[in-house]
Amino acid sequence: MNANTTVRTARRRTIRIAAAALIAAASFSLTACNNDTDDTGTKKPVASAESSSGGSSSGAQGSDAKTGGKTGDTDKAPSSTGGQKLADGSTAKIDKLGTQHYRLKIINDGAVLATLEANQRDAGLDANGMYVVFTQSGEVHSWMGGEHSGPGTYKLAGGWTAKVTKVGDAHFRADIIGNEGSVDGTLEANQHDDGMDANGVYIVLSAGGVISAHE
């Protein structure tokens with residue numbers, strides 16, 4: 001083999017190695033693109049008479065005060081979920097409208113019985129004896145029973161105390177009092193029911209002055 005033959009052979013090997021590197025880089029690029037998928041998660045819903053979001057609500061035990069609901073919406077909830085059974089046997093469907101903004105439809109036999117909207121704050125509903133809290137993070141909690149009615153001071157689930165006062169027609173306010181005796185949250189049911197998530201204890205105050213809590 002002469003010197004010229006040796007040079008040509010070296011050039012062919014260099015070209016083959018460069019081509020292999022280009023194919024590997026293209027394969028890596030396609031793999032990275034195919035793996036770029038969105039994360040999704042599913043939330044739950046609740047039911048009864050027609051309602052919009054309630055009055056102002058806030059709640060927290062001790063120093064963890066909040067304006068109702070769970071904070072830190074991850075924005076990973078799906079735009080629409082459905083099929084969850086509520087405490088009275090109805091079905092809940094949740095639509096995500098924006099950050100910490102969800103709409104809940106309560107459905108029975110294909111008919112929408114109620115709509116509840118949580119926009120930057122929790123909402124609540126007294127659905128003929130089924131109580132529903134719909135949080136600003138798109139979660140729904142429903143239960144039956146445990147109610148107290150009218151103005152007064154009542155012990156609630158989770159160690160909370162509620163002081164309910166009548167402000168006007170179809171307008172009640174409930175101060176939610178913690179273990180230290182301070183008011184850690186307020187529910188305002190003015191023509192519409194109100195609700196909150198008070199550190200895992202769910203509280204509903206109706207415009208008729210009925211309050212119920214569940215954990």
Side-chain angles (χ1 to χ4, degrees), residues 40-60 66-108 111-147 156-158 160 162 172-174 176 185-208 210-215:
T40 58
T42 304
K43 301 282 183 179
K44 302 179 182 177
V46 171
S48 193
E50 180 111 18
S51 174
S52 62
S53 60
S56 62
S57 65
S58 61
K66 46 184 165 182
T67 57
K70 294 185 178 180
T71 59
D73 180 28
T74 62
D75 248 346
K76 292 184 179 179
S79 59
S80 180
T81 65
Q84 178 190 346
K85 289 295 183 182
L86 303 178
D88 68 350
S90 56
T91 301
K93 178 184 177 183
I94 296 174
D95 293 305
K96 182 170 184 178
L97 306 180
T99 302
Q100 294 186 335
H101 188 184
Y102 293 82
R103 179 181 295 131
L104 166 69
K105 291 181 180 178
I106 299 168
I107 301 170
N108 189 39
V112 177
L113 304 180
T115 300
L116 196 59
E117 194 165 316
N119 187 1
Q120 308 297 316
R121 45 180 304 283
D122 300 340
L125 179 67
D126 175 359
N128 298 327
M130 179 181 74
Y131 301 96
V132 177
V133 169
F134 185 37
T135 75
Q136 61 185 306
S137 57
E139 297 180 355
V140 175
H141 303 269
S142 65
W143 69 94
M144 310 280 284
E147 54 270 283
L156 303 179
W160 294 103
F172 284 81
R173 180 179 297 126
I176 308 302
T186 300
L187 289 170
E188 191 88 20
N190 186 2
Q191 310 299 317
H192 294 290
D193 303 341
D194 197 8
M196 70 162 66
D197 170 4
N199 290 347
V201 178
Y202 304 97
I203 309 173
V204 169
L205 175 67
S206 78
V210 176
I211 191 167
S212 180
H214 186 264
E215 62 179 335

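Separation of atoms CD (Gln84) and CD1 (Ile107) is listed at 12.0 Å; rounding is to 0.5 Å. Here the CG-OG1 distance, from Leu86 to Thr91, works out to 7.0 Å after rounding to the nearest 0.5 Å. Here CE of Met144 is found 9.5 Å from CG of Asn128. Values are rounded to the nearest 0.5 Å. Rounded to the nearest 0.5 Å, atoms CD (Gln136) and CD (Glu117) are 13.0 Å apart. Taking OH of Tyr131 as the reference point, atom CG of Leu205 lies at 10.5 Å (rounded to 0.5 Å). Atom CG of Asn119 sits about 8.0 Å away from atom CG of Leu97, to the nearest 0.5 Å.
Contact annotation: the side chain of Leu187 approaches that of Ile203 to within less than 4.5 Å [non-hydrogen atoms, C-beta and beyond]. Counting heavy atoms from C-beta outward, Glu147 and Asp126 have side chains that stay 4.5 Å or more apart. Contact check for Ile211 versus Leu156: side-chain heavy atoms found under the 4.5 Å cut-off. When side chains are defined from C-beta on, Met130 counts as touching Ser90, because their heavy atoms get closer than 4.5 Å. Inter-residue side-chain proximity for Met196 and Ile176 is flagged as met; some heavy-atom pair is nearer than 4.5 Å. Using a 4.5 Å cut-off on side-chain heavy atoms (C-beta onward), Lys93 and Arg103 make no contact. Considering only heavy atoms from C-beta on, Ile94 comes within 4.5 Å of Phe134 through its side chain.
Listed by chain and residue number, nothing satisfies the side-chain hydrogen bond (donor to acceptor under 3.5 Å, both in side chains) test with Glu215 (two or more places apart in sequence, or in another chain). By the side-chain hydrogen bond (donor to acceptor under 3.5 Å, both in side chains) test, Ser212 is found to be paired with Trp143, residues two or more places apart in sequence or in another chain being considered.
For the pair Gln120 (side chain) and Thr99 (backbone), a donor-acceptor distance under 3.5 Å is present.
Listed here is the closest heavy atom pair of Val201 and Ala213: CG1-CB, 4.3 Å.
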